[in-house]
2 protein chains.
Amino acid sequence: MSEQLMTEAAVSLLVERGIAGTTLAGIGERSGYSRGLVTHRFGSKAGLLAHVHDSIAAEWLRRVQGVVGRATGVAALQRVTDALYKFIVDEPKGLRAMYLLRYASIDPSAEYRANVAKLNKAHVRALTRWVEEGQAHGEIAAEVDPGLAAELFASVVDGLLYRWLVNPDIPVKELHGLMRQHIARALRAAQT
Amino acid sequence: MSEQLMTEAAVSLLVERGIAGTTLAGIGERSGYSRGLVTHRFGSKAGLLAHVHDSIAAEWLRRVQGVVGRATGVAALQRVTDALYKFIVDEPKGLRAMYLLRYASIDPSAEYRANVAKLNKAHVRALTRWVEEGQAHGEIAAEVDPGLAAELFASVVDGLLYRWLVNPDIPVKELHGLMRQHIARALRAAQT
DNA sequence: CATAACTTGCTTGCTGCCAGCAAGTAAGAG
DNA sequence: CTCTTACTTGCTGGCAGCAAGCAAGTTATG
């Protein structure tokens with residue numbers, strides 16, 4: 001179907017030329033249609049970008065759920081980082097496009113800003129729950145503030161991906177290992 | 001001088017309307033000149049944005065140097081986070097504009113991309129040195145990889161700022177405190 | 001001291017590109 | 001033969017970027 005084709009064309013163009021360099025006409029033509037179809041289907045450039053973002057985000061969510069399974073606490077968070085690392089290795093283009101869009105969404109003129117903000121909040125909520133469950137099992141120190149820890153964890157993930165986007169040569173594998181360690185140590189130790 | 005005025009107008013427009021919503025004509029007129037002066041002075045929109053970014057980055061650098069002083073090791077990193085927190089409180093608009101631009105620079109079509117990448121590397125180099133000095137004083141565990149620790153630290157800072165841009169209501173103060181703790185714990189403890 | 005040549009700081013007119021809209025075509029389904 | 005679905009084409013307005021020009025100094029020259 002044309003939507004799928006256009007989404008794929010959009011991803012490759014986004015990775016090659018970025019958001020500003022990607023034109024609706026270019027997407028239409030690369031996917032074998034006319035210059036006008038994209039607008040007709042997705043309403044606007046923002047609409048298309050939101051669709052691209054959301055479809056990759058859905059794929060990411062599926063992967064995380066698959067990897068985390070029924071795990072909680074430290075193991076759950078570590079598996080999220082595992083899924084992240086795997087995503088970087090398996091689908092660098094998709095991840096790149098998604099984060100390109102996500103970072104662009106801080107621009108007040110980006111119409112899918114609210115979308116991203118909501119998704120971020122949902123993500124933190126899931127992380128918070130895993131920390132709380134870890135505390136319930138006595139695995140994570142009671143002094144840890146689950147919401148705060150979740151927010152910090154999410155920040156590290158986002159920041160790491162930003163750095164990877166700017167400079168793909170950073171030692172992603174080693175950083176992944178370091179994160180796994182930090183998660184275990186920081187959560188098991190006690191703090192205010 | 002007109003450059004200063006236009007830079008200030010650009011910052012306020014960036015914060016209000018974002019990059020796409022900020023027009024060169026708008027900047028010229030808000031600063032009391034004609035619609036064409038900005039292009040004439042800075043050559044292009046990218047040239048202007050690079051100038052705005054660099055002038056705020058210079059201010060940030062000055063602040064960090066002032067706060068860190070001759071400190072090294074854990075204290076140096078903690079003071080960087082202090083400077084960050086202070087910057088968020090004192091100059092949210094400037095910081096916001098700078099990070100808006102910095103995140104936008106991952107877009108391959110952004111011409112000042114190289115600029116930002118270079119700055120990021122310089123930042124990591126400074127952080128690495130502080131960690132190494134901490135190891136020389138025996139304060140930081142020898143097993144810590146200074147470059148890796150620096151990269152992770154930088155990621156946390158960038159990620160936190162991204163999250164703050166998306167949602168200014170996150171508990172910045174508490175996260176700052178949590179970071180200070182993590183820095184001390186993670187670096188003093190031993191690891192592979 | 002007067003005027004000509006040049007510089008600096010800024011404005012205005014124009015062009016090309018792109019998003020978005022509106023109208024239209026083509027082809028299959030009922 | 002009409003309705004729907006999938007797609008195309010023509011057009012408009014807005015913006016970046018360029019080029020030409022103006023106005024108010026400043027320096028050089030006899």
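Proteins get letters first, then strands, A, B, ... in listed order; numbering begins at 1 in each.
- A heavy-atom distance below 4.0 Å to DNA chain D is reached by these residues of residues 27-46 of chain A, ordered by number: A/Y33, A/S34, A/R35, A/G36, A/L37, A/H40, A/R41.
- For A/A25, the side chain to side chain contact (heavy atoms under 4.5 Å, CB included) partners are A/T23, A/R35, not counting sequence neighbours.
- For A/D169, the salt bridge (charged side-chain N to carboxylate O under 4.0 Å, His left out) criterion is met by no residue, not counting sequence neighbours.
- Take the nearest nucleotide of DNA chain D for B/L24 and for A/E3: the residue whose nucleotide is more 5' is A/E3.
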Which atom pairs, one a donor and one an acceptor, fall under 3.5 Å between side chains of residues 64-75 of chain A and the rest of the protein, sequence neighbours left out?
none

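- Contact footprint of chain B on DNA chain C: nucleotides with an atom under 4.0 Å from a non-hydrogen protein atom, first to last in 5' to 3' order, C/dC10 to C/dC14.
- Salt bridge absent: A/E132 and A/R129 never bring a charged side-chain N and a carboxylate O closer than 4.0 Å.
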Does B/H51 form a side chain to side chain contact (heavy atoms under 4.5 Å, CB included) with B/E3? I'd like the steps, not just the answer.
CA-CA 10 Å; B/H51 175 83; B/E3 277 205 12; 3.8 Å; yes

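- Every residue two or more places apart in sequence or in another chain that forms a side chain to side chain contact (heavy atoms under 4.5 Å, CB included) with B/T39 is listed here: B/L24.
- Considering A/K86, A/R63, A/R96 as possible partners of A/E91, the one that fulfils the side-chain contact (heavy atoms from CB on, under 4.5 Å) test is A/R63.
- You'll find the side chain of A/V89 stays beyond 4.5 Å of the side chain of A/V172, heavy atoms only.
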